[in-house]
Amino acid sequence: QVQLVESGGGLVQTGGSLRLSCAASGISLSSNVIAWYRQAPGKQRELVAVIRSGGGTNYATSAKGRFAMSRDNAKNMVYLQMNGLRPEDTAIYYCRLSGTAIWGQGTRVTVSS
């Protein structure tokens with residue numbers, strides 16, 4: 001059974017940093033496209049970043065220059081390093097096996113002004 005588990009969320013002040021982690025079981029992350037999404041209160045879930053099997057990444061405009069997605073093949077984990085956080089980054093962040101209905105349970109990020 002494929003399972004994704006996020007961690008690393010929390011409360012941070014504007015301008016602060018967090019690193020989110022997504023641990024996988026039942027699947028090799030290095031062979032798949034993995035995405036980070038977020039859902040802010042009252043808003044639709046939106047794509048934040050993607051990492052492809054070859055290691056290439058793409059980012060939403062709102063994340064470019066501030067967020068960096070990476071992968072540790074040995075640990076079978078992906079990460080989202082978030083710097084320069086803003087109140088509008090407040091959301092629940094999810095990792096997803098791209099193109100499937102396999103999502104993690106989410107980790108909450110709150111950025112205070």
Side-chain angles (χ1 to χ4, degrees):
Q1 182 179 358
V2 178
Q3 191 173 19
L4 301 174
V5 179
E6 302 95 334
S7 61
L11 173 63
V12 64
Q13 291 184 334
T14 297
S17 298
L18 283 173
R19 188 177 81 153
L20 306 183
S21 301
C22 174
S25 58
I27 194 169
S28 171
L29 294 183
S30 64
S31 302
N32 290 276
V33 179
I34 307 298
W36 281 101
Y37 285 76
R38 68 185 182 185
Q39 188 165 18
K43 295 187 177 181
Q44 289 189 328
R45 197 169 295 190
E46 63 176 0
L47 179 65
V48 177
V50 173
I51 189 165
R52 296 182 294 278
S53 56
T57 53
N58 291 95
Y59 300 92
T61 300
S62 59
K64 284 181 182 177
R66 300 188 300 129
F67 295 3
M69 188 172 181
S70 61
R71 186 177 64 216
D72 186 327
N73 294 339
K75 294 182 179 179
N76 206 30
M77 295 183 70
V78 296
Y79 304 97
L80 185 67
Q81 177 67 44
M82 305 188 295
N83 301 321
L85 284 163
R86 306 164 180 165
E88 54 263 40
D89 296 316
T90 294
I92 299 174
Y93 285 71
Y94 302 88
C95 61
R96 178 193 183 193
L97 179 60
S98 190
T100 76
I102 299 171
W103 297 78
Q105 84 291 348
T107 186
R108 185 179 299 273
V109 172
T110 302
V111 185
S112 63
S113 57

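From a predicted model like this one, the values you see are computed outputs, not experimental measurements. In what follows, every heavy atom counts, from backbone to side chain, and hydrogens, waters and symmetry copies are set aside.
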Margin query: If I compare all heavy atoms of K64 with all of Y59, which pair ends up nearest, and what's the gap?
Written below: CE-O, 3.4 Å

Notebook entry, point to check: Does N76 use its side chain to pair, donor to acceptor, with the backbone of A23 at less than 3.5 Å?
Noted result: no

Checklist line | ILVMFWY network linking L18 to Y37, side-chain heavy atoms under 4.5 angstrom | finding: no

Checklist line | Heavy-atom check, side chain of L97 versus side chain of I27, under 4.5 Å | finding: yes

Note to self: For C95, is there any backbone N or O sitting under 3.5 Å from a side-chain donor or acceptor partner on E6?
What the structure shows: yes

Checklist line | Between OH on residue Y94 and CH2 on residue W103, distance to nearest 0.5 Å | finding: 8.5 Å

Item checked: In one Ile/Leu/Val/Met/Phe/Trp/Tyr side-chain cluster, 4.5 Å: I92, V78 -> no

Next item on the list: Give the minimum heavy-atom separation between S62 and R86, together with the two atoms involved.
Entry: O-NH1, 4.4 Å

Notebook entry, point to check: Could you state the interatomic distance from CG (D89) to CE (M82), rounded to the nearest 0.5 Å?
Noted result: 7.0 Å

Item checked: Nearest heavy-atom neighbours spanning T107 and G8 -> OG1-N, 3.9 Å

Notebook entry, point to check: Do N58 side-chain atoms and I51 backbone N/O form a donor-acceptor pair below 3.5 Å?
Noted result: no

Next item on the list: Verify, without hydrogens or angle tests, whether R71 (side chain) and R52 (backbone) share a donor-acceptor contact under 3.5 angstrom.
Entry: yes

Item checked: Under 3.5 Å donor-acceptor, N32 side chain and S28 backbone -> yes

Checklist line | Option from V12, T90, T14 for which side chain to side chain contact (heavy atoms under 4.5 Å, CB included) with L85 holds | finding: V12

Next item on the list: Can you see which heavy atom on S112 is nearest to which on L11, and at what distance?
Entry: CB-CD1, 4.3 Å

Notebook entry, point to check: Within 45 degrees of the axis of the six-membered ring of Y79 and under 6.0 Å from its centre: does R19 put its NZ or CZ there?
Noted result: yes

Next item on the list: Determine, using ring centers only, whether W36 and F67 are less than 6.0 Å apart.
Entry: no

Checklist line | Main-chain N/O of A91 paired to R38 side chain as donor or acceptor, under 3.5 Å | finding: no

Next item on the list: State, with a plain yes or no, whether a side-chain heavy atom of V50 is found less than 4.5 Å away from one of T57.
Entry: no

Next item on the list: Looking only at non-hydrogen atoms, find the nearest pair between S17 and G84 and report the distance.
Entry: OG-N, 4.4 Å

